*Asks:* 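Submitted below is the structure of interest, expressed as structure tokens.
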Amino acid sequence: MPNPLSKERKSYLKKQKYNKIFITVAQFLILTILIGLWELFARLNIIDSFLMSSPSQISKTIISLFKSGELGKHIFTTLYETLLGFFIATALGTIIALMLWWSDFLRKVLEPYIVVLNSLPKIALGPIIIVWFGAGTKSIVFMAVLITIIVTIITMLNGFLSTDSGKILLMRSLGASKVQILLKLVLPSSLETFISSLKINVGMAWIGSIMGEYLVSKQGIGYLIVYGGQVFRLDLVMASTVILCALASLMYLGVSLLEKLLIKK
Amino acid sequence: MDDILKFKNVSLIYQTSVGETEALKNLSFTVKKSEFISIIGPSGCGKTTVLSLIAGLIKQSSGEIIYKGKNLSETDKNIGYMLQRDELFPWRNIERNVTLPLEIKKIKDKSARERAISLVEKYGLGEFLKHRPSSLSGGMRQRASLIRTLSFNPDLLLLDEPFSALDSQTRLKVSDDVFKIIRSENKTAILVTHDISEAISMSDRIIVLTKRPAQVFKEHTLLFDASLTPISRRERPEFSKLFDVIWKELCNA
Ligand SMILES: Nc1ncnc2c1ncn2[C@@H]1O[C@H](COP(=O)(O)OP(=O)(O)OP(=O)(O)O)[C@@H](O)[C@H]1O
Ligand SMILES: [Mg+2]
């Protein structure tokens, strides 16, 4: 903007900025107070620190995990499974959605199958998956893919199908082929759906990989949580959960960054 | 003048799972080269259907459509269709929106591209070439949409209530603009509208259709001085007379 900002505009922008800072401060404050109270109650024995653990215990556990070199291994394992599941499911799901968009026949035939698969609790398939893929990484990745892919297909297909009918008519009146309609209209107009699908998939892939680790695993964050529960080491369970939170947030942040990059251009 | 388009007893019946709808029945009319025709008729009578047929989006159930002396389906039709909403793609800037038809039709030569860009400049959108459609007003967007329709130099323009999404003030201005652009590019145009004044102010000839299934009810050849713009036509005494006539016809159609 070439002309200088008016006084009103400046004070408006200032207010906006302060508002934003205020919200961030409040968010941190809530976290700090919660952690502080938790620690305080644990120290004063108001809550049972054996059952509830405490922030200091949790951080001690994380540090000792880190020092023993265990932490990296567990994080790497789970991250690998999650990312692999995430990428396979997103890519495959989008391709399947494209095929269903392309062929009305295929879509109508497969619709009931997708509905059933969507409502089926995937964990019920755990034992079958283990028998098929063995008690290892493969099963866990498969679980992550299975949980993520159905939602991807449904979200992306709805996105493709909701392409503005007026714009499709315009393309058809120009004599556009189906491939041209796909490449020049349907895909670009589904970009936002794709981003929101990515955001959903981050959560889904984590659910899948942790669930997979609950069923079969010798390492990983999910394994730590199950193990901690079995030997009544609640600090270990809590510490793993905290790490999980951090990892999932990081991945979500990555997708948000990608969103900024894609939508701006 | 020679005929560019001829409808001979064209009928169209839509088939759907619920039943069939007879939209056109033995519809016959002709359009001459460089003529500006308006089609007016009761709502739902089949006006859009007529344009969809000409654009080749659907096929008639019976009858013949002759375009430039040949059967429409056999010709390499060069027809531009301007829709009710501008349908500019929000992720493309004006330049890339306007040249979309060239991309689709794989017209690669540079002069076509330059021609399209020069139309943008000629009709007052030059400074918005690199802007997204969202930064244009409704009237400017509709002009951009017309330029997109003209970009591949079509022989025939189809306009389906292109101004109905605009407020009445902008509507007058934009229809004036569009009229001038179409005249100065010397194009044949078929305009579908609900608006009697719009039809009278813009066309050389008005075709009034009957209720569905549409047939030609009346035709009016307009004899305004060629130098009159749509807005100045509205001030002529013939204007309101013709308005009354068509108004009554539409009530009886
Ligand atoms: N694709 C379709 N399938 C079935 N029926 C249709 C289809 N398109 C239009 N019709 C029906 O055909 C008739 C004519 O429709 P058309 O859209 O041509 O009318 P119109 O004169 O353009 O209407 P409006 O004034 O509302 O724009 C209507 O009764 C409509 O319901
Ligand atoms: Mg219509």
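Order of the sequence lines fixes the chain letters, A, B, ..., with proteins taken first and strands second; residue numbering starts at 1 for each chain. The model shown is predicted, which means the values in this text are computed figures rather than measured ones. We use all heavy atoms of the structure for the numbers below, so side chains are in, but hydrogens, waters and symmetry mates are not.
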*Asks:* Mind checking the CZ-CG spacing from B/F89 to A/D164? Nearest 0.5 Å is all I need.
*Replies:*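 These two atoms lie 9.0 Å from each other.
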*Asks:* Suppose a student defines contact as a heavy atom less than 4.5 Å from any heavy atom of chain B. Which residues in residues 8-34 of chain A would they list?
*Replies:*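 Contacts with chain B: none.
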*Asks:* Does any heavy atom of chain A fall under 4.5 Å from the side chain of B/L83, the backbone, both, or neither of them?
*Replies:*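 Just the side chain, heavy atoms under 4.5 Å.
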*Asks:* Heavy atom to heavy atom, less than 4.5 Å: which residues from residues 170-179 of chain A reach chain B?
*Replies:*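 Listed by number, the contacting residues are A/L170, A/M171, A/R172, A/S173, A/L174, A/G175, A/A176.
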*Asks:* Taking all non-hydrogen atoms of both residues, which atom of B/P90 and which atom of A/K167 are closest, and how far apart?
*Replies:*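 That closest heavy-atom pairing would be CD-CE, 4.0 Å.
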*Asks:* Heavy-atom count check: over 12 atoms from other residues, nucleotides or ligands less than 6.0 Å from A/K138 NZ?
*Replies:*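 No.
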*Asks:* Distance check, rounded to the nearest 0.5 Å: B/E103 atom CD versus A/Q180 atom CD?
*Replies:*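 Between B/E103 CD and A/Q180 CD, I get 9.0 Å after rounding to 0.5 Å.
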*Asks:* Identify which part of B/K106 has an atom lying under 4.5 Å from any heavy atom of chain A, answering side chain, backbone, both or neither.
*Replies:*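 Contact with chain A: side chain only.
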*Asks:* Looking at A/Y252, I want to see if its OH is surrounded by more than 12 non-hydrogen atoms of other residues, nucleotides or ligands under 6.0 Å.
*Replies:*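 Open.
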*Asks:* Are there residues of residues 185-208 of chain A that reach to under 4.5 Å of chain B by heavy atoms, and which ones?
*Replies:*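 Against chain B, the residues of residues 185-208 of chain A that fall inside the cut-off (heavy atoms, under 4.5 Å) are A/L185, A/P188, A/S189.
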*Asks:* Among residues 79-112 of chain A, which residues come closer than 4.5 Å to chain B, judged by heavy atom distances?
*Replies:*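 None at all.
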*Asks:* Given heavy-atom pairs under 4.5 angstrom as the criterion, report whether the side chain, backbone, both or neither of B/L88 touches chain A.
*Replies:*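 The backbone, not the side chain.
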